[in-house]
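In what follows, a structure is listed as C-alpha cells, so that the remarks can point back to it.
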Number of protein chains: 2
Amino acid sequence: MSDDNLMTIRQMCDAYEATPRTLRFYEAKELLFPIRQGTKRLYTRRDRARLKLILRGKRFGFSLEEIRQLLDLYDLGDQQATQLAKTYELATQRLSDMVNQREELDEAIEELKQQLEWGEKRLAELHASSAAE
Amino acid sequence: MSDDNLMTIRQMCDAYEATPRTLRFYEAKELLFPIRQGTKRLYTRRDRARLKLILRGKRFGFSLEEIRQLLDLYDLGDQQATQLAKTYELATQRLSDMVNQREELDEAIEELKQQLEWGEKRLAELHASSAAE
DNA sequence: TCATCGCTTGACGTGAACGTAAGTTAAACG
DNA sequence: CGTTTAACTTACGTTCACGTCAAGCGATGA
C-alpha cells in the first residue's frame, strides 16, 4: 500500500525537466530526501512537493541555501517551540521580501510595456517610410 | 554644462551598494559605458539608469547576458529595422516571462501566507500548553 | 551465463559572477 | 618635492550550480 506513488530518478527527471545529476546534487545539499530501495533512490510525494518549490525558488532568484531554509517553512512538522518561532519569523521576512519583489515586478512589467509601445511606433514609422519609397 | 551629474566609480558604489570590481566587470561585459577622463571612469545618467535595471534584473533571476539584451530595449536609439524588430520580439517574450513570474509569485505568496497561519496556530497551542502547566 | 540497461558513487571540469592581491599611475596635499 | 589617496590594469582565486566522464553494482532478458 506504500509502493505506489513512488518515483524513480528518471521518472522524476522526465516529470520536472531536471537531470539525475541535479536531483543527486539537491540531495547532497539536503534539499531532497528520497528513500532507498537497496542502492536506488525512490522519490516520495513529499520530495516532489519540495522539488516544485525548489524550481520555483530558482526562478525567483533564490540561492539553493536560501531555498533550503524556505523549505523548512513548508513542512514544519513538530518542531521545538523556539525553533518554530524562529522559522515563523524568517517566513514573515521572506513573505515581505516577496511582496516587495512583486511590486518591483509590476513596475518592471509596466515599464517594459511602455517601451514596447514606443518600439511599435518606431516600427510603424520605418515600415511607412520604406513603403513610401 | 556637461560636467555636473557625472559620478565617479566610488560615488556609484556608494549610491547603489556595489563594488568597483562589479562596475568594471559590468563594463567588460558591455552592460555599462562610462566615459573616460584620462584613465578614470565617469558615469552618466544613462549608466545609472542601466545599472538600476541591471540590479533589478538580477533580483528577478536574469543572467547578465539576458540583462544585456534587455537593456537594449530600454535605450533603442536608431537601430536597423531588422534589429529593432528582433529586439521587439525578444521584449514581448520577456514580458510574457515576467507576467508568468508574477502569477507564480502570487501563488507563492498565497501559499506562504497559509503556512504562516498554520504556524501561528501551532505557536498559540504551544504557548497555551506551557501556560497551563 | 553473459551482456545490456539503469542506477550508483566518486572525482574532476566548467561557466557565471564576481573577490582579491600585486603593482602602476595621476592628482592632490602639506 | 615627497607622500598619501584614489583609481587603474592584470591576473589568478573562489563560490555556486551543476556537467561530464570513469568505474562498479544489481536486475533482467536472450
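For clarity, every value in this text was computed on a predicted model and none was experimentally measured. Residue numbers start from 1 in every chain, and the chains themselves are labelled A, B, ... in the order their sequence lines are given, proteins ahead of strands.
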Do other residues, nucleotides or ligands put more than 12 heavy atoms under 6.0 Å from B:R45 CZ?
-> no

Counting only heavy atoms not in A:Q11, do more than 12 fall under 6.0 Å of its CD?
->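 Buried by this count: over 12 neighbours within 6.0 Å.
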
Go through the structure and list residues passing side chain to side chain contact (heavy atoms under 4.5 Å, CB included) with [X], not counting sequence neighbours.
X: A:R24; result: A:I9, A:P20, A:R41
X: B:D97; result: B:Q93, B:R94
X: A:K29; result: A:F25, A:L31

Roughly, in whole Å, what's the span from [atom1] in [X] to [atom2] in [N]?
X: A:L55; N: D:dC18; atom1: CG; atom2: P; result: 9 Å
X: A:L31; N: D:dA17; atom1: CG; atom2: C1'; result: 11 Å
X: A:Q37; N: D:dC25; atom1: CD; atom2: P; result: 19 Å

side-chain contact (heavy atoms from CB on, under 4.5 Å) between B:R36 and B:L42, worked out = CA-CA 6 Å; B:R36 292 302 184 98; B:L42 289 177; over 6 Å; no

Nucleotide range of DNA chain C contacted by chain A, 5' to 3', under 4.0 Å to a heavy atom?
->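 Nucleotide range with atoms under 4.0 Å of chain A: C:dC7 to C:dT9.
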
Identify, residue by residue, the members of residues 7-29 of chain B with a heavy atom below 4.0 Å from DNA chain C, and return them in order of residue number, or none.
-> B:T19, B:R21, B:T22, B:F25, B:Y26

Determine, step by step, whether B:R56 and A:E111 satisfy the salt bridge (Lys or Arg N to Asp or Glu O under 4.0 Å) criterion, reporting the C-alpha distance in whole Å, the side-chain angles of both residues, the deciding distance to 0.1 Å, and the verdict.
-> CA-CA 12 Å; B:R56 176 197 279 173; A:E111 288 180 24; 3.2 Å; yes

Measure from the side-chain N and O atoms of B:T87 to the backbone N and O of B:Q83, and report whether any donor-acceptor pair falls under 3.5 Å.
-> yes

Using the C1' atoms of the five pairs at each end, what is the angle between the end axes of the helix from C:dT1-D:dA30 to C:dG30-D:dC1, to 10°?
-> 10°

Would A:D106 and A:R102 satisfy salt bridge (Lys or Arg N to Asp or Glu O under 4.0 Å), going step by step from the backbone distance to the final call?
-> CA-CA 6 Å; A:D106 281 344; A:R102 182 169 63 184; 5.4 Å; no

5'-most by nearest nucleotide on DNA chain C - B:E65 or B:K40 | B:E65

Taking atom types as modelled, find out whether B:E65 and B:Q69 have a side-chain donor-acceptor pair closer than 3.5 angstrom.
-> yes

